[in-house]
Amino acid sequence: MNASIALQILPETLDDEQTIRVVDEVIAYMKSSGLNCYVGPFETSVEGDLDELMDMLKECMHIAGRSNRAGVMAFMKVSYRPEGEVLTIEKKVTKHHIND
């Protein structure tokens with residue numbers, strides 16, 4: 001795993017329910033990829049190979065665009081190590097969550 005992304009999809013809508021519906025469709029696709037995903041309140045993080053993640057981003061844009069013809073914006077952060085492993089989602093966030 002040489003890359004991780006944090007992706008925020010923002011459909012251009014005035015209706016919160018429509019925004020949630022479109023974002024939920026995108027998240028469902030990301031989860032179905034089999035890659036490690038972490039859904040947060042503002043963005044979803046995914047780990048994998050850089051090319052695989054870029055293909056995922058493209059498909060996320062297509063899904064959101066088909067669901068919301070008014071348009072969609074995406075904001076992405078990328079961590080990439082061509083010769084090694086990136087810091088995992090688990091290592092980044094586990095210590096900050098309360099264990100029940």
Side-chain angles (χ1 to χ4, degrees):
M1 176 187 67
N2 66 2
S4 64
I5 63 171
L7 178 61
Q8 180 183 40
I9 296 286
L10 295 174
E12 295 179 15
T13 71
L14 297 176
D15 180 343
D16 287 344
E17 293 304 314
Q18 183 178 4
T19 298
I20 291 168
R21 181 184 56 76
V22 173
V23 170
D24 285 348
E25 287 180 37
V26 172
I27 290 171
Y29 162 72
M30 294 170 88
K31 286 181 169 181
S32 75
S33 71
L35 297 172
N36 187 27
C37 298
Y38 180 86
V39 179
F42 289 101
E43 63 191 14
T44 300
S45 298
V46 187
E47 301 169 326
D49 174 73
L50 181 64
D51 291 333
E52 192 174 32
L53 294 174
M54 294 300 105
D55 289 343
M56 174 184 278
L57 168 64
K58 183 177 174 182
E59 184 60 22
C60 288
M61 296 299 291
H62 288 305
I63 291 167
R66 285 191 298 269
S67 295
N68 182 53
R69 301 263 182 216
V72 61
M73 294 181 292
F75 300 92
M76 183 176 65
K77 296 176 231 171
V78 179
S79 175
Y80 174 56
R81 290 199 176 161
E83 300 298 323
E85 298 282 316
V86 293
L87 190 60
T88 66
I89 292 169
E90 183 179 328
K91 287 181 182 176
K92 292 177 189 175
V93 301
T94 302
K95 65 183 172 191
H96 300 290
H97 293 260
I98 298 171
N99 294 326
D100 294 312

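Quick caveat, the model's predicted, so the values are computed rather than measured.
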Handout entry: Heavy-atom side-chain proximity of T44 to V23 below 4.5 angstrom
Key =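 They are not in side-chain contact.
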Which pair of heavy atoms, one from [X] and one from [Y], lies closest together, and at what distance?
{"X": "A74", "Y": "L7", "answer": "CB-CD1, 4.1 Å"}
{"X": "Q8", "Y": "F42", "answer": "CG-O, 3.1 Å"}
{"X": "A64", "Y": "I9", "answer": "CB-CG2, 4.0 Å"}
{"X": "Q18", "Y": "S67", "answer": "NE2-O, 4.2 Å"}

Practice task
Check the surroundings of atom NZ in K92: do more than 12 heavy atoms from other residues, nucleotides or ligands lie under 6.0 Å from it?
Solution key: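 More than 12 heavy atoms, drawn from other residues, nucleotides or ligands, come within 6.0 Å of this atom.
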Handout entry: E59, CD atom: more than 12 neighbouring heavy atoms under 6.0 Å
Key =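 Atom CD in E59 is packed in, count exceeds 12.
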Cluster overlap [X] with [Y], hydrophobic side-chain contacts below 4.5 Å:
{"X": "L35", "Y": "M1", "value": "no"}
{"X": "I5", "Y": "M61", "value": "yes"}
{"X": "V26", "Y": "L10", "value": "no"}
{"X": "M76", "Y": "Y38", "value": "no"}
{"X": "M54", "Y": "Y80", "value": "yes"}

Practice task
Can you measure from NE2 (H62) to NZ (K58) and round to the nearest 0.5 angstrom?
Solution key: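 Taking NE2 in H62 and NZ in K58, the distance rounds to 5.0 Å.
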Problem - Separation between CD of E85 and OG of S79, rounded to the nearest 0.5 Å - result: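 Result: 11.0 Å between the selected atoms.
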Practice task
Output yes when a side-chain donor or acceptor of N68 lies under 3.5 Å from a complementary backbone atom of T19, and no otherwise.
Solution key: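 No; judged by distance alone, with no hydrogens or angles, the pair does not exist.
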Practice task
In plain terms, say whether K77 and E43 are close enough for a salt bridge, that is, a side-chain N and a carboxylate O under 4.0 Å apart.
Solution key: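 The answer is yes: the pair qualifies as a salt bridge.
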Handout entry: Salt bridge E25-R21, side-chain N to carboxylate O under 4.0 Å
Key =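 Counted as a salt bridge, because a side-chain N and a carboxylate O are separated by less than 4.0 Å.
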Exercise for the section: Sorted by first residue and then second, give each salt bridge (charged side-chain N to carboxylate O under 4.0 Å, His left out) pair with at least one member in residues 7-16; sequence neighbours left out. Expected result: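 Listed once each, the pairs would be none.
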Problem - Qualifying residue, where the test is side-chain contact (heavy atoms from CB on, under 4.5 Å) with N36 and the options are I89, V46, T88 - result: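 Answer after filtering I89, V46, T88: I89.
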